[in-house]
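Just so it is clear, the values below take in all heavy atoms, side chains as well, and ignore hydrogens, waters and symmetry mates.
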Amino acid sequence: MTRTSSCHLRTMLAEVPDPRNKKGCRHPLVSMLSLTVVGLLCGQRSYTQIAKWARLHPDLRQASGFTAKQTPAAATFHYLYRRLDIAAVEKTLTQWTTQTLASLHIPTSDLKGLAIDGKTLGNSHTQNTRRTHLLAAVFHELGIPVAECAVSEKTHEVPVSIELLKAFDDTGLIITTDALLTQRKFCQALLDHRADYCLPVKANQKQMYEDIQDLFEPFDETDPPEVEHRRFENLHAEAGAHLQTYTHVEDAKGRIITRTLTASTLLTQHIEWPGLQQVYQYTTHQKHKNTGQVKCHTQYGITSLTPQRASAADLLKRRREHWTIENKLHWIRDTVFQEDASNLRTGGIPQVMAAMRNTVISVLRCTGHTKITDALQLFAAKPILAVNLIN
């Protein structure tokens, strides 16, 4: 797909069920959803802004499929979006994303990473309700959100994440999350779906964390590092276990960052965990060239990938790419679309608009736009291009 070709999003939006009574319905649902996407593509940040902006561009009325003399007012958007079946909206958008990606034949590595993480919408609460918390799934290589759903007050992220994965085919994917989802139930669900995991281990899995930490800690801190390393290698050789280390050095933005991941199979027979094949230690050593300040961080983790399927370099790449979901989705929604500054609170409106923002990001990335802000400026200058893009 090129930057000027159609992504046929409007066709898919027509499948979203309309909750309104057909009698007296002036504005087609597909046109209102399409106008919302177009408005966001042109830099508008809420349906209130979109409603006012659309009135200033009369050519959008007919191009978007409206038959009334004017495009909808903000109150019309509010009335409709608070009643939309958000589950149906999310399902439709997920279908569009998966079908679009399948048609693009975008080349990715043999190991396809998918990041899952939650985001709380800053101002989406009232005196009687908590902030809307959304769980999203984003492809590492593409930065494209494939699915999202809300985590209600009566549940938590583990069961929701399992349901989230049912929205699309996750066969063969490598799932990365934060430590909150490092749970047996979640890992078993991934294996049942024929997917894999590469997850961090922290204090919420106390015994496993201590076991992995003990493995990688020096036997004798007074010994030189080379002696300690040789002893560590001998320990694996005696047990017939696999051991591999990969180091990556990056010199950027005034810092020298050394990342090292060491993967081991020594504990796989001793830790009872679904599908466990390797444990790893991931260390980051960061030095500021100007100040000489040094920061070090160590993380432990587990994976269902065997050494033959994923080397230490592969695992390091997956853990680094997990932050795609923060850098290419959540950060974009917060800074470009000012999501956390939004005062939308009623019903499912915050989730509907979050889904629309996700869709705009997907549209732009699927059509070759890597710089989101530049793309929004382009479409703001020529809104009809945005209409043509999704038709």
Side-chain angles (χ1 to χ4, degrees), residues 1 3-86 88-89 92-93 96 100 336-339 342-344 346-364 366-367 369 372-391:
M1 183 179 292
R3 293 192 178 190
T4 57
S5 62
S6 171
C7 62
H8 305 296
L9 175 60
R10 181 185 171 89
T11 302
M12 191 66 77
L13 290 175
E15 298 182 10
V16 176
D18 194 334
R20 301 171 297 178
N21 191 323
K22 292 184 178 180
K23 185 177 180 180
C25 184
R26 299 178 59 201
H27 304 293
L29 173 61
V30 64
S31 297
M32 295 183 67
L33 291 173
S34 298
L35 182 60
T36 301
V37 174
V38 169
L40 290 171
L41 280 169
C42 294
Q44 307 305 307
R45 298 186 177 93
S46 68
Y47 64 75
T48 301
Q49 290 184 1
I50 292 170
K52 295 177 180 178
W53 168 81
R55 296 281 176 94
L56 301 176
H57 295 80
D59 54 325
L60 292 178
R61 182 183 62 81
Q62 188 173 358
S64 299
F66 291 103
T67 55
K69 292 183 179 180
Q70 285 187 319
T71 51
T76 306
F77 282 100
H78 180 87
Y79 174 83
L80 173 62
Y81 285 177
R82 68 182 297 184
R83 290 165 174 78
L84 275 182
D85 182 349
I86 185 57
V89 173
T92 300
L93 296 176
W96 171 80
T100 302
V336 178
F337 296 105
Q338 297 184 3
E339 183 171 76
S342 173
N343 291 320
L344 298 176
T346 309
I349 293 179
Q351 192 175 351
V352 171
M353 292 305 297
M356 294 291 104
R357 296 182 192 106
N358 283 351
T359 302
V360 168
I361 293 171
S362 296
V363 167
L364 293 175
C366 285
T367 50
H369 295 276
I372 303 299
T373 302
D374 291 350
L376 299 188
Q377 292 174 352
L378 169 66
F379 291 118
K382 296 182 179 180
I384 199 65
L385 293 179
V387 177
N388 295 337
L389 186 66
I390 69 169
N391 284 341

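- Atom OG1 of Thr367 and atom CG of Leu389 lie 5.0 Å apart (nearest 0.5 Å).
- Among residues two or more places apart in sequence or in another chain, the salt bridge (charged side-chain N to carboxylate O under 4.0 Å, His left out) test is passed with Asp18 by Arg20.
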For residues 62-69, please give each side-chain donor-acceptor pair under 3.5 Å, one per line with the distance, not counting sequence neighbours.
unit_1: Ser64; atom_1: OG; unit_2: Leu60; atom_2: O; d: 2.9

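- Looking at heavy atoms from C-beta onward, Tyr81 lies in side-chain contact with Leu33 at the 4.5 angstrom threshold.
- Between Ile50 and Thr36, the shortest heavy-atom distance links the atoms CD1-O, 3.5 Å.
- A donor-acceptor contact shorter than 3.5 Å is absent between the side chain of Arg55 and the backbone of Ala51.
- The closest side-chain heavy-atom distance from Leu376 to Leu364 is below 4.5 Å.
- The shortest non-hydrogen separation linking Cys366 to Thr100 is SG-CG2, 3.9 Å.
- Considering only heavy atoms from C-beta on, Asp374 stays 4.5 Å or farther from His369 through its side chain.
- Taking OG1 from Thr71 and CZ from Phe77, the interatomic distance works out to 7.0 Å, rounded to the nearest 0.5 Å.
- Taking CE of Met353 as the start and OG1 of Thr359 as the end, the distance is 10.5 Å to the nearest 0.5 Å.
- Considering every non-hydrogen atom in both His27 and Pro72, the closest pair reads CG-CG, 3.6 Å.
- Residues in residues 41-52 take part in these side chain to side chain donor-acceptor pair (under 3.5 Å) pairs, two or more places apart or across chains: Tyr47-His78.
- When the shell of 6.0 Å around CZ of Arg26 is examined, it contains 12 or fewer heavy atoms from other residues, nucleotides or ligands.
- Annotation for Leu41 and Ile390: closest pair CD1-CG2, 4.1 Å, computed over non-hydrogen atoms.
- For the atom pair Ser342 OG and Ile349 CD1, the distance stands at 9.5 Å (nearest 0.5 Å).
- Heavy-atom minimum distance, Val16 versus Leu29: O-CD2, 3.3 Å.
- Using the six-membered ring where Trp is involved, His57 and Trp53 have ring planes that are tilted, between 30° and 60° apart.
- Counting heavy atoms from C-beta outward, Gln70 and Pro58 have side chains that stay 4.5 Å or more apart.
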For this session: Apply side-chain contact (heavy atoms from CB on, under 4.5 Å) to Val387 and Ile384, showing your working.
Result: CA-CA 5 Å; Val387 177; Ile384 199 65; 4.3 Å; yes
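- Considering all non-hydrogen atoms of both residues, Pro17 and Leu84 come closest at O-CD2, 4.0 Å.
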Go through the steps for Phe337 and Ile361 under the test side-chain contact (heavy atoms from CB on, under 4.5 Å), then give the verdict.
CA-CA 10 Å; Phe337 296 105; Ile361 293 171; 4.1 Å; yes
